[in-house]
Asks: 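Input: one structure, supplied below.
Each chain gets a letter, A, B and so on, in the order its sequence line appears, and its residues count up from 1.
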Amino acid sequence: MNAREEILGRLRAGGDGSTALPPVWRSRREFADLAAQFAQAATAAKAEVRRAADWDTAVTELGRLLAEINAQTVVVNGDVAGADWPDRFPAVQWHLVGQTAGDLRAFCATADAGLSSADAALAETGSVILSSGPAHSRMATLLPPIHIVLLPTSRLTSDIFTWTQARQDATPANITLVSGPSKTADIEQTMAVGVHGPKRFVVIVYDDAG
Amino acid sequence: MSVQGSTFPQFRQSATIAIEDVRLQGALDRALSHFREARGGALAAVPAVEEMRDHLKLIRGQTIANLAHHLETFERNAQANGAHVHWARTAEEASQIIVDIARAHDVKLVAKSKSMMTDEIGLNQALAAAGIEPVETDLGEWIIQLSQEDPYHIIAPAVHKTKGQVIELFEHESGEGLAEADIPALTAVARRMLRTKFLAADMGVSGGNLAVAETGSVVLVTNEGNGRMVTTLPRVHVAVMGLEKIAPTWDEAAVWLSLLARSATGQTLSIYTTAISGPARPGDVDGPEEVHVVLVDNGRSQLLNTPYEEVLQCLRCGACLNVCPVYREAGGHAYGSPYTGPIGAVVSPLLFGLEKYEALPHASSLCGACKDVCPVRIDLPRMLLELRKDQVEQGLVGPEALAERAVATLMSNTSLWKLATGLARVGQRPFLQDNQLQLPINLTGDRRPPTLPDKSFRQMWADGEVESGD
Amino acid sequence: MIDQQKRIALFVTCVIDQLMPEVGVDTVKVLRRAGYEVDFPAEQTCCGQPFFNSGFQDEARRLARRTIDILADQEIVVLPSGSCTTMIRQEYPHLLANEPKYYYRALRLAKKTFELSEFLMKEAHWGETAVSHQPAPQPNPITYHDSCHMCRLLGLKKEPRQALQAAGYAIQEMEESERCCGFGGLFSVRMPEVSNAMTAEKLRQAQATQTTTLVTADPGCLMQMRGLTDNQPPVEHIATMLERATR
């Protein structure tokens with residue numbers, strides 16, 4: 001008998017074979033203003049949240065931020081469509097994931113910033129949800145010292161329960177819920193940011209009515 | 001920490017060192033009280049939190065009652081994602097599986113994110129013996145790897161190290177002078193040095209905080225980003241976890257995730273919650289080429305249908321450690337196990353041997369604080385009592401058992417009891433000095449043992465000395 | 001509601017009987033002041049808890065059966081101890097679950113077994129009694145240690161405080177009144193270093209309240225804490241405090 005059979009045999013013998021589970025837990029949250037709740041929760045986790053009235057204002061805000069950090073090289077995931085980045089910000093060297101040729105890893109390892117959108121965002125915990133996929137790089141949102149998210153308010157949902165209950169069938173290879181900049185308190189219980197992941201996590205939340 | 005054991009002398013010796021280390025006591029105090037406060041605040045903000053805990057307990061209990069079904073579902077879905085699923089009966093088998101995967105891929109360097117399971121199976125030693133270099137990337141784990149020590153706490157492995165000690169370790173490792181470095185600077189050093197390892201590693205090894213059967217996913221709950229690194233950058237990723245850490249669907253996983261970080265550190269969610277569902281898909285621009293999941297039994301299935309089955313519900317949040325007054329004084333090393341504190345005192349003897357861990361069922365005053373804070377309300381005090389009963393039934397007791405049984409016999413007969421205690425009253429006299437008892441053997445450390453007064457209550461009553469007196 | 005002409009059986013506990021009989025005397029006085037006649041079934045020795053906690057379940061069962069037999073005909077049983085009350089009320093039915101002859105008697109005994117402050121507040125209208133004895137001003141404030149059995153197993157946090165307050169005491173709380181004092185029965189001699197370190201922390205917190213007395217409802221805790229302090233602060237049983245205040 002191989003390990004698998006032996007283990008399953010023991011588990012079957014020790015179990016009761018019942019597949020009953022308690023009813024699904026429903027969200028108990030009713031946030032009047034999802035964007036405001038998101039901003040509050042994310043800020044508490046040391047993320048930075050900037051509000052923009054619409055897409056154009058958001059892009060302007062992004063420009064301000066890129067200038068602030070003097071970004072020379074930026075990697076951007078294909079989920080932030082609707083802008084021709086090299087045209088908008090010609091002073092920056094862009095790697096457009098899924099389009100630009102060249103070594104993605106090497107670019108991400110030295111890029112000044114990573115830019116993406118998010119599939120969804122949880123208001124309760126101030127979290128954004130990133131998925132892997134064509135033109136969605138994991139490294140882009142992990143390796144650079146700052147990760148910037150352009151988040152439309154339509155993607156906000158209440159909490160992890162409303163998000164999981166809305167799930168569709170296909171699951172990508174990697175889903176990451178990001179709730180702030182990388183941090184640790186492993187040295188003398190003192191909080192430090194930017195251990196391995198980004199030191200700064202900025203979410204520009206814009207309204208996308210329609 | 002590897003599986004080392006904890007006898008009475010070992011536990012007491014290690015505990016004494018911890019107790020006498022004033023600096024350590026201060027550090028532990030600060031860390032544990034911070035975790036306690038943070039957990040309290042976080043749970044207080046959750047609507048219907050007690051109901052949620054009850055709900056999660058139900059979920060865990062029912063899942064464990066049918067682990068075979070859920071694990072088979074997990075395996076099917078993980079394989080459909082392109083992942084390989086391995087089953088390990090023992091620690092050795094699990095380590096061997098991972099070493100074999102490494103060899104098959106000509107791996108020289110393994111980047112690891114924090115995993116107590118890898119400690120349990122002795123993975124680092126097995127890799128090193130096969131000529132493969134494992135590097136810990138969780139900052140706390142890396143610090144103790146450099147200092148060649150064992151983790152001190154389930155969530156805060158390096159809680160016992162000072163900044164000065166860390167500076168020394170980093171200076172030695174980096175060759176840089178770091179004498180003036182503050183904590184952000186030290187963090188930057190770690191970021192730089194470990195970044196090169198991430199990018200160079202052939203294989204990443206992680207644990208798994210939970211698995212979700214519905215989608216064949218392994219979920220990692222982390223804060224530093226190293227969990228994402230080791231599961232994205234190397235071409236092979238191996239996740240190794242206990243087979244009890246499974247949620248049937250994302251509905252159950254959502255409840256689990258809602259209580260895990262809050263109970264552990266007081267965060268609503270950790271900075272990164274990552275669900276890994278197989279290797280990079282066709283069209284993905286990055287991600288590992290291969291993903292392996294190793295499901296480890298190592299004694300867990302043996303707990304089903306025993307009074308200990310409930311411990312399989314544990315989420316490994318560490319909340320019990322943060323309230324345990326014994327852990328607070330004795331520290332983590334006294335437990336001699338990857339699993340410390342109240343949960344460690346129960347699972348270590350169960351998984352690794354009651355004889356080897358004889359002290360742990362007794363490393364508790366049964367105060368019950370652990371049970372109060374456990375998100376799934378595991379009755380740890382009850383488990384400890386059961387283990388003590390097992391020790392007696394298996395004859396794993398010392399010479400004092402004779403004395404205990406003798407006293408119980410005396411107490412079962414009033415005349416005998418009166419006689420024995422009367423004799424003790426007389427017998428203690430030669431040992432009394434200034435009304436203090438100085439016994440030849442010290443059983444109470446710095447504490448003064450009580451002396452027997454001239455008359456017992458029953459004697460006073462019999463002599464008519466107990467009146468209403470009003 | 002208990003008719004105050006009923007009699008109470010005192011289960012004094014082995015620790016109080018042998019090591020601190022004055023606490024037993026104070027308990028009797030307090031109960032008599034509350035209007036009850038108190039009996040002492042003299043065959044009693046020990047509820048069996050130390051053996052149960054050490055894994056000697058056969059020995060614990062023997063003492064449990066014996067205790068049930070001794071208390072069978074009593075109408076009310078009161079104990080000046082949270083831990084022994086827990087043993088009788090909560091553990092006896094578990095221990096004897098496989099012995100129908102004793103199981104049902106254990107359940108009946110459980111229903112009529114009370115810890116002292118619980119009895120005083122829930123059944124004996126202690127508030128009125130204390131007032132009627134015109135409590136004299138007492139050394140104040142005091143601080144109260146919630147023993148593990150009292151607060152976590154019996155759920156008795158209000159009752160001891162109310163009993164003390166009714167007797168004229170003001171309570172200044174410790175930072176962590178519910179933190180274990182380190183006794184844990186035989187734990188205190190199996191792991192004395194850890195046990196004493198826990199006690200030292202409890203005493204440090206008590207001293208920090210700058211109160212006159214550290215009060216507890218459990219004789220085990222009392223013995224433990226007294227063993228490590230030189231009256232700094234003095235440690236007393238709740239029965240003693242209530243007796244003093246209602247003379």
Asks: What part of B/Ala359 is in contact with chain C, defined as an atom under 4.5 angstrom from a non-hydrogen atom: side chain, backbone, both or neither?
Replies: both
Asks: Which bit of C/Glu201 is near chain B, if near means a heavy-atom gap under 4.5 Å: side chain, backbone, both or neither?
Replies: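 For C/Glu201, the side chain is the part near chain B, not the backbone.
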Asks: So among B/Ser364, B/Ser365, B/Cys367, which one has a side-chain contact (heavy atoms from CB on, under 4.5 Å) with C/Phe187?
Replies: B/Ser365
Asks: Rounded at 0.5 Å granularity, tell me how far CZ in B/Phe8 sits from CE in C/Met191.
Replies: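 It comes to 5.0 Å.
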Asks: Please state whether the side chain, the backbone, both or neither of C/Met198 comes within less than 4.5 Å of a heavy atom of chain B.
Replies: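 Both backbone and side chain of C/Met198 come within 4.5 Å of chain B.
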Asks: If we only count heavy atoms from C-beta on, is the C/Val189 to B/Arg447 side-chain gap below 4.5 Å?
Replies: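 Yes, at least one pair of side-chain atoms sits under 4.5 Å.
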Asks: Could you measure the distance from the OG1 atom of B/Thr444 to the CD atom of C/Gln224? Nearest 0.5 Å is fine.
Replies: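 One finds 9.0 Å between OG1 of B/Thr444 and CD of C/Gln224.
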Asks: Please look at B/Ala462 and chain C and tell me whether the side chain, the backbone, both or neither of the residue comes under 4.5 angstrom of a heavy atom of that chain.
Replies: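 Neither part.
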Asks: Calculate, to the nearest 0.5 Å, the distance between atoms CG and OG belonging to B/Leu366 and C/Ser83 respectively.
Replies: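 If I round to the nearest 0.5 Å, the distance is 11.5 Å.
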Asks: Quick one: what part of C/Gln57 sits under 4.5 Å from any heavy atom of chain B, side chain, backbone, both or neither?
Replies: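 Just its side chain gets close to chain B.
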Asks: In terms of ring plane angle, is the pair C/Phe40 and B/Trp461 parallel, tilted or perpendicular, where the classes change at 30° and 60°?
Replies: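 Taking B/Trp461 first and then C/Phe40, their aromatic rings sit tilted (interplane angle of 30° to 60°).
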Asks: Please classify the contact of C/Leu63 with chain B as side chain, backbone, both or neither, using a heavy-atom distance under 4.5 Å.
Replies: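 It is the side chain, since no backbone atom gets that close.
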Asks: Report which part of C/Thr229 has an atom under 4.5 Å of a heavy atom belonging to chain B: side chain, backbone, both, or neither.
Replies: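 Looking at C/Thr229, just its backbone touches chain B.
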Asks: Just verifying a value: how many Å separate C/Arg190 CZ and B/Glu400 CD, rounded to the nearest 0.5 Å?
Replies: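 C/Arg190 atom CZ to B/Glu400 atom CD measures 5.0 Å (nearest 0.5 Å).
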Asks: Please round to the nearest 0.5 Å and tell me the distance separating atom CD of B/Gln391 and atom CZ of C/Phe56.
Replies: 9.5 Å
Asks: Under 4.5 Å from any heavy atom of chain B, what part of C/Glu91 do you find: side chain, backbone, both or neither?
Replies: side chain
Asks: Could you state the interatomic distance from CZ (C/Arg226) to CZ (B/Arg448), rounded to the nearest 0.5 Å?
Replies: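 Answer rounded to 0.5 Å: 10.5 Å.
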Asks: Any side-chain heavy-atom pair from C/Pro192 and B/Arg12 closer than 4.5 angstrom?
Replies: yes
